[in-house]
Amino acid sequence: MIHAQSGLHEQDEHDRLQILDADGNVHPHATVPDLSDEEMLAMYEALVLARQFDQRAISLQRQGRIATYAPMTGQEGSQVATSYALDEQDWLFPTYRDHAAKHVHGRSLSSLLAPLRGHREGYAIPDDVNVMPEYIPIATQIPQAMGMAWGYKLQEQNDRAVLCHFGDGATSEGDFHEGINFAGVFDVPAVFVCNNNQWAISTPRERQTKSETLASKADAYGVDSIRVDGLDPLAVYQATRAAIRKAKDPGPGESRPTLIESIQYRFGAHTTSDDPSVYRPEDEPEYYRKRDPVDRLRGYLESEDILTDERQAAIDSRVEDRIEAAIDEAESLEADPDDIFNHVYDEMSDRLKTQRDELRELREKYGDDAFSEVLE
Amino acid sequence: MIHAQSGLHEQDEHDRLQILDADGNVHPHATVPDLSDEEMLAMYEALVLARQFDQRAISLQRQGRIATYAPMTGQEGSQVATSYALDEQDWLFPTYRDHAAKHVHGRSLSSLLAPLRGHREGYAIPDDVNVMPEYIPIATQIPQAMGMAWGYKLQEQNDRAVLCHFGDGATSEGDFHEGINFAGVFDVPAVFVCNNNQWAISTPRERQTKSETLASKADAYGVDSIRVDGLDPLAVYQATRAAIRKAKDPGPGESRPTLIESIQYRFGAHTTSDDPSVYRPEDEPEYYRKRDPVDRLRGYLESEDILTDERQAAIDSRVEDRIEAAIDEAESLEADPDDIFNHVYDEMSDRLKTQRDELRELREKYGDDAFSEVLE
Amino acid sequence: MSSYAETLAENVEEQAESEDSAPETREKPEDSSDSVDELTLVEAICDGLYTEMSQDERVMALGEDIGRNGGVFRATDALYEEFGEHRVVDTPLAESGIIGASIGLGLSGMRPVAEIQFMGFLYPGFDQLVSQASRIRSRSHSQLSAPIVVRMPYGGGIRAPEHHSESKEAFFVHEPGLKVVTPSTPYDAKGLLTAAIRDPDPVIFLEPKLIYRAFREEVPQESYEIELGEASIRREGSDVSVFTWGAMTRPSLIAAEELAEDGIDCEVVDLRSLSPLDIDTIVDSFEKTGRGVVVHEAPKTGGLGAEIAATIQEEAMLHQEAPVKRIGGYDAHIPLHALEDYYLPQAVRIQDGIHDVMEF
Amino acid sequence: MSSYAETLAENVEEQAESEDSAPETREKPEDSSDSVDELTLVEAICDGLYTEMSQDERVMALGEDIGRNGGVFRATDALYEEFGEHRVVDTPLAESGIIGASIGLGLSGMRPVAEIQFMGFLYPGFDQLVSQASRIRSRSHSQLSAPIVVRMPYGGGIRAPEHHSESKEAFFVHEPGLKVVTPSTPYDAKGLLTAAIRDPDPVIFLEPKLIYRAFREEVPQESYEIELGEASIRREGSDVSVFTWGAMTRPSLIAAEELAEDGIDCEVVDLRSLSPLDIDTIVDSFEKTGRGVVVHEAPKTGGLGAEIAATIQEEAMLHQEAPVKRIGGYDAHIPLHALEDYYLPQAVRIQDGIHDVMEF
Ligand SMILES: Cc1ncc(C[n+]2csc(CCOP(=O)(O)OP(=O)(O)O)c2C)c(N)n1
Ligand SMILES: Cc1ncc(C[n+]2csc(CCOP(=O)(O)OP(=O)(O)O)c2C)c(N)n1
Ligand SMILES: [Mg+2]
Ligand SMILES: [Mg+2]
């Protein structure tokens with residue numbers, strides 16, 4: 001029963017940065033990051049939003065209103081915290097699971113839903129938002145994020161860093177290796193966040209690699225690394241903030257890039273098409289549910305009297321409204337068949353023009369129903 | 001002057017296995033491998049042959065009698081030693097530079113020259129020789145060697161191991177990462193030998209990766225590793241032999257795969273098309289030439305009275321004869337244009353048959369001169 | 001809704017259903033001689049693997065999530081339970097590793113069947129497949145070979161995310177040393193897979209995922225081979241030849257039936273084997289009808305339609321009553337699902353194209 | 001020896017010479033307006049890089065051994081000395097890393113020109129190029145793009161080892177979002193490279209290494225562009241159109257001259273741009289002559305010749321007096337050098353093929 005063991009693998013918590021314990025109490029020797037009450041509350045609200053968004057998205061998928069969705073419950077604490085640690089001008093390279101990270105760094109909620117409704121418009125990035133479209137082919141974003149960070153360094157835009165997300169499974173791909181090796185060689189201002197949720201679909205972390213930890217893989221590239229409790233938003237914030245600082249302004253002997261292993265757990269399925277009961281024990285998530293990042297931050301904020309019942313109620317209702325509005329917006333998007341051809345090249349080639357015109361004629365002749373969307 | 005430093009990087013020798021010192025004396029605490037005098041002499045003869053072969057090959061290339069050649073002088077000690085450490089049934093995955101390793105494990109000298117004369121016959125492997133055709137695309141052999149080792153393990157052919165060569169540059173490729181990671185996960189009987197000759201064409205080792213050592217990259221895969229003085233044939237033999245033993249019959253707590261970093265130096269050019277004076281200081285090889293593997297083994301054998309002047313003379317003349325014979329054999333090979341089509345599939349497709357017949361007709365019609373080989 | 005769209009809708013519902021609910025583990029009957037099962041295409045693939053693994057110990061499956069999970073499309077359903085973790089192996093997430101390992105396994109005497117989760121994720125392993133597996137034979141003067149199968153779902157139409165709807169068979173067809181096949185029916189799926197596993201050379205086995213569960217067909221429980229390199233005429237006809245493969249076979253047949261009502265008699269040739277191509281069947285059919293279309297999902301430019309059209313004009317120009325028309329994906333990336341039905345050849349486009357060719 | 005073989009022999013000798021001896025560092029004259037240099041093709045590439053890097057700070061070069069070593073073919077000769085290690089960068093040995101990095105550099109505002117040492121070593125980076133760079137624009141709805149150039153020597157004929165003689169342009173032409181060009185003269189080399197660097201989309205710049213040093217031509221020192229997407233008619237003729245590109249342009253021209261003596265008047269069209277194809281020029285030429293051959297080094301099946309033949313019969317079938325003949329590499333791996341002259345289209349094969357087409 002190799003598989004069944006996996007969740008337990010990461011349950012020794014002494015080897016990672018933690019600020020809050022499982023109940024949201026500050027560890028005796030830990031220092032809480034220097035954030036104002038408002039900032040703490042904003043981060044908490046983002047967490048509540050993320051949790052709520054995830055549940056709504058799953059049910060939208062069940063209703064056939066969006067396509068396959070990758071849930072993030074259990075991982076949103078780390079996502080929100082890493083994006084909070086960014087400065088506005090920093091870039092974010094997200095995966096298909098990093099909905100909350102994207103939103104916190106500026107993407108609208110409706111833009112998160114648009115691709116799930118089949119619209120590539122959701123990947124169009126407003127000029128003032130530094131979030132790449134999500135990466136689905138595993139690990140491909142790593143050399144690209146490295147390259148962008150390198151580019152900013154070459155251009156001496158020293159106030160910019162790049163943060164790149166990927167999963168535990170991604171560490172097995174060649175692109176992880178090549179990207180982080182380049183980062184070490186060219187000493188680029190990039191922060192690599194490995195969201196180790198302990199499963200790559202059905203493959204547990206310890207079948208992915210015999211490496212003791214994922215963080216230690218950074219040694220192979222002369223890159224700094226740190227392990228952090230990914231269910232502790234404050235710890236993730238602190239580790240990421242430090243890494244971003246170092247990326248932009250390394251002290252003597254410090255190098256710019258950092259690999260952060262954020263140890264998390266995927267509470268739910270890999271995607272809405274996945275059934276984890278086939279490959280992992282039903283009770284495996286229990287341990288982690290007791291360390292729920294939302295509960296932990298709430299616990300802390302309540303104990304500090306930062307969060308009151310009133311504030312919680314206000315947050316809940318704002319979150320509710322924003323998600324509803326986002327769904328409405330996403331569902332009102334209409335697709336334009338010309339867009340198939342519009343974004344292939346800066347200037348449309350003659351052959352593409354001919355093809356576009358052909359499709360226009362066919363639609364004219366037979367009507368759009370002849371092409372009607374399946375399941376819509 | 002980043003480049004100019006490179007050779008010095010590896011000159012602290014305390015971190016690697018050594019048996020012979022620079023002059024061929026046995027280090028005080030070292031143990032000489034358990035090899036008979038005859039075995040020692042055979043290994044030495046292979047070294048002399050390798051050195052001689054290399055010089056002849058370079059001059060054949062100068063005369064236009066073979067195409068671009070990758071010299072091995074300085075590295076033959078390690079090549080010969082690794083192949084000596086193999087059992088007959090083990091497989092070898094060589095690169096374009098591993099002429100001596102191939103020969104010691106069974107490939108004829110003329111088969112080494114044949115591809116350089118443009119004949120793929122040189123890659124045809126006699127049934128009783130377990131040497132793959134050389135790999136030119138860097139690092140591609142690593143996952144394949146891993147796979148073969150895995151296959152033997154699955155088939156419980158526990159007396160078989162696979163040895164795979166590659167260079168320092170190869171460690172940057174994704175295939176290095178993926179292959180060795182699999183080796184750790186599936187615990188396969190493979191020995192990976194990184195021939196760190198400190199240069200990948202013009203790129204020095206420390207621009208290849210910021211990793212402290214190449215051996216330590218194995219930690220990222222939970223694979224054992226060792227650094228060895230690659231200019232010390234006895235040390236390389238000992239390390240490889242131990243790794244092969246462990247691959248086949250791991251002791252309790254031992255894992256099968258090993259990464260050996262064999263620290264060497266390329267005395268000459270990358271290939272006969274390369275001019276190292278463009279990118280590295282002329283005197284960089286000096287340090288290593290003083291540690292010449294042939295001289296060191298000769299020194300040891302002489303001091304032990306295993307090698308006498310007579311024996312040396314006999315070796316020299318045998319080597320000379322064998323190389324001459326090999327050149328004659330390689331130069332007598334004739335190419336058959338049908339072979340273009342013969343080895344694409346097990347059974348030739350109709351289209352290939354048509355194409356073969358077309359070429360036959362053209363040759364008939366216009367004569368082979370119309371296709372005459374350039375430069376021949 | 002066009003009839004093709006309806007057909008699609010059925011497929012996709014079934015698909016979605018089976019993906020969202022826990023998969024059933026199919027029972028294997030004890031005595032399998034002479035028996036047939038009614039199987040879907042993906043079940044027939046699983047059955048083909050099962051049959052071959054039962055008979056030949058050297059055959060093993062490897063890939064991402066193919067073990068306990070049975071593959072993301074359940075193509076290896078229950079094989080892990082049957083054959084154990086050494087013959088049905090979940091690998092690390094690394095396509096070059098998977099294909100490179102398969103080559104090595106093949107060299108050691110195994111018969112590896114690798115799964116790549118989607119064609120769009122093959123590319124990190126492109127080098128090992130296209131530049132390495134393809135050449136083991138030629139570079140060793142036939143002393144060695146790479147007896148591997150690389151399976152991958154391909155094609156669009158299932159509302160999938162980006163990079164999940166690729167159809168780039170042309171890449172593999174252009175590389176000497178590789179064979180490429182794709183079934184359009186459950187029966188063919190098992191027979192082609194069996195032949196692919198037994199073939200001593202590397203075979204790329206493309207699985208049209210749009211029709212993984214589109215319909216059932218009788219599939220013998222015992223093993224059988226469909227020879228690689230042979231096309232199948234799915235519908236005989238005299239007016240125009242439609243050359244297609246994989247998931248496009250069904251809309252082509254639908255279009256043919258509709259056109260029959262207009263008095264146009266289509267011959268529908270399912271190529272099955274994309275490399276080597278069954279040129280004889282292609283040319284014979286064309287010489288009979290004098291008109292042809294090629295239907296595929298891949299972008300038109302540089303797609304396999306070009307090879308077929310070029311071959312026809314080379315071999316049968318004097319029979320050509322009209323240009324061979326290529327009805328393909330457009331020269332753009334396949335869009336997300338709101339637009340993918342405009343991108344993929346629909347029965348309506350196929351009919352229209354055939355009309356064009358008839359009226360030339 | 002045929003005249004083509006002689007031409008080749010010259011090239012190769014020059015080649016070998018320049019590879020075996022220390023390269024000279026070419027001096028750049030101070031005032032470069034209106035001046036011309038007599039350059040080889042590889043020098044013109046180097047000059048194109050130099051000119052563009054001098055004018056645009058965003059342009060940088062990266063790859064294996066392109067810095068102090070000036071590239072294994074000296075295509076970046078002296079650029080390291082001129083622009084320093086931050087703009088002419090030796091990377092680790094990792095093609096996916098090089099192309100992935102280039103995409104990111106492009107996104108940050110740089111204009112990276114990546115060198116892949118030989119086309120046969122591109123495949124580890126295939127995913128980043130074909131599946132990533134190609135889509136940055138379409139997946140971001142044109143908000144982002146990948147303004148990168150990927151240069152690589154390609155083609156056979158230089159007695160190179162295995163994997164050094166690839167000619168797989170068809171792979172890139174089939175992928176939407178990529179542009180593909182290849183020069184056949186020094187003048188075009190500089191002009192196309194300049195246009196490629198300035199293009200906002202990813203451009204694959206294929207360098208016919210067989211003719212890197214085959215001949216010299218006047219090349220202006222100042223910068224100029226040759227528009228991507230435009231073919232060039234190298235020889236006008238009325239009897240038959242020869243469509244070719246890269247290193248095959250020369251044997252095609254040689255064949256045309258020989259055939260002129262037999263009274264056959266060939267038009268030789270150097271496509272230059274393989275994606276997008278200049279279909280107008282191709283079709284116009286064909287409509288004029290009514291006969292055509294395509295000459296390329298790549299394997300015939302699935303090669304670009306198929307696309308050209310398919311397009312011609314689609315657009316100009318009624319002008320077709322003979323099938324378009326494809327004179328390509330065979331459907332086998334290019335052999336080692338003892339046989340490569342049998343594999344590559346030689347002038348003799350081209351002539352023979354044109355005779356076939358004339359006599360149809
Ligand atoms: C190159 C590539 N191969 C395979 C896949 C299919 N796939 C999608 S998600 C996934 C698992 C990823 O695991 P991990 O990196 O741990 O991220 P997580 O999903 O757990 O967040 C796989 C195999 C893919 N998207 N890309
Ligand atoms: C995938 C790939 N990229 C590039 C090359 C071109 N190339 C040939 S040898 C070489 C350097 C290899 O260096 P290293 O691995 O250190 O081996 P060495 O030649 O020093 O023995 C390069 C870049 C190649 N053969 N394969
Ligand atoms: Mg994971
Ligand atoms: Mg080296």
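Protein chains get the first letters and strands the later ones, always in sequence-line order, with residue 1 at the start of each.
Side-chain polar atoms of C:D65 and C:Q117 form a donor-acceptor pair below 3.5 angstrom. Under 3.5 Å, the side chains of A:T140 and A:D175 contain no donor-acceptor pair of N or O atoms. Side-chain polar atoms of C:E166 and C:Y123 form a donor-acceptor pair below 3.5 angstrom. Side chains of A:S110 and A:E329: a donor-acceptor N/O pair is present below 3.5 angstrom, by distance only. Side-chain atoms of A:H99 and A:D54 form no donor-acceptor pair, as typed in the model, at a separation below 3.5 Å.
The main-chain N or O of A:F267 is never found under 3.5 Å from a side-chain atom of A:T73 such that the two would form a donor-acceptor pair. Using modelled atom types, no side-chain atom of C:R250 and backbone atom of C:A247 make a donor-acceptor pair closer than 3.5 Å. Proximity of a side-chain donor or acceptor of C:S167 to a complementary backbone N or O of C:E297 within less than 3.5 Å is not detected.
Heavy-atom pairs under 4.5 Å with chain C peak, among A:I136, A:T171, A:V344, at A:I136. Per-residue counts of heavy-atom pairs under 4.5 Å with chain C were compared for A:E334, A:R351, A:R356, A:H343; the largest is that of A:R351. Listed options A:A67, A:G169, A:P337 were ranked by heavy-atom pairs under 4.5 angstrom with chain C; first place goes to A:P337. Your options are C:T91, C:D331, C:T301, and the one with the most heavy-atom pairs under 4.5 Å with chain A is C:D331. Most heavy-atom pairs under 4.5 Å with chain C: of the set A:D336, A:D168, A:D339, this distinction falls to A:D336.
Neither the backbone nor the side chain of A:R62 comes within less than 4.5 Å of any heavy atom of chain C. At a 4.5 Å heavy-atom cutoff, the contact between A:Y123 and chain C is made by side-chain atoms alone. Only the backbone of A:L116 has a heavy atom closer than 4.5 Å to any heavy atom of chain C. Both the backbone and the side chain of A:I340 come within less than 4.5 Å of a heavy atom of chain C. Residue contact with chain C, scored on non-hydrogen atoms closer than 4.5 Å, involves the backbone and the side chain of A:R120 alike. With a 4.5 Å cut-off on non-hydrogen atoms, A:A269 does not touch chain C at all. Using a 4.5 Å cut-off between heavy atoms, A:L362 contacts chain C through its side chain alone, with no backbone atom that close. Contacts of C:H163 with chain A are made by side-chain atoms alone, with heavy-atom separations under 4.5 Å and no backbone atom involved. For C:P335, the parts lying near chain A are the backbone and the side chain together; criterion is any non-hydrogen pair under 4.5 Å. The part of A:L352 that comes within reach of chain C is its side chain, from C-beta onward, which places non-hydrogen atoms under 4.5 angstrom from that chain.
Annotation: cation-pi pair C:R349/C:Y330 present, NZ/CZ under 6.0 Å from the ring centroid and within 45° of its normal.
Ion pairing of A:R207 with C:E85 is present here, as a side-chain N (NZ or NE/NH1/NH2) and a carboxylate O approach within less than 4.0 Å. With respect to the salt-bridge test (charged N to carboxylate O, under 4.0 angstrom), the residues C:D356 and C:K325 qualify.
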Practice problem: Test ring pair (Phe, Tyr, Trp, His ring centres under 6.0 Å) on C:F121 and C:H164 and set out the steps. | Solution: CA-CA 8 Å; C:F121 307 139; C:H164 285 71; 5.0 Å; yes
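Residues of residues 92-101 of chain C lying under 4.5 angstrom from chain A, judged on non-hydrogen atoms, are C:P92, C:L93, C:A94, C:E95 in numerical order.
Checked against a 6.0 Å centroid threshold, the rings of C:Y343 and A:F341 do not count as neighbours.
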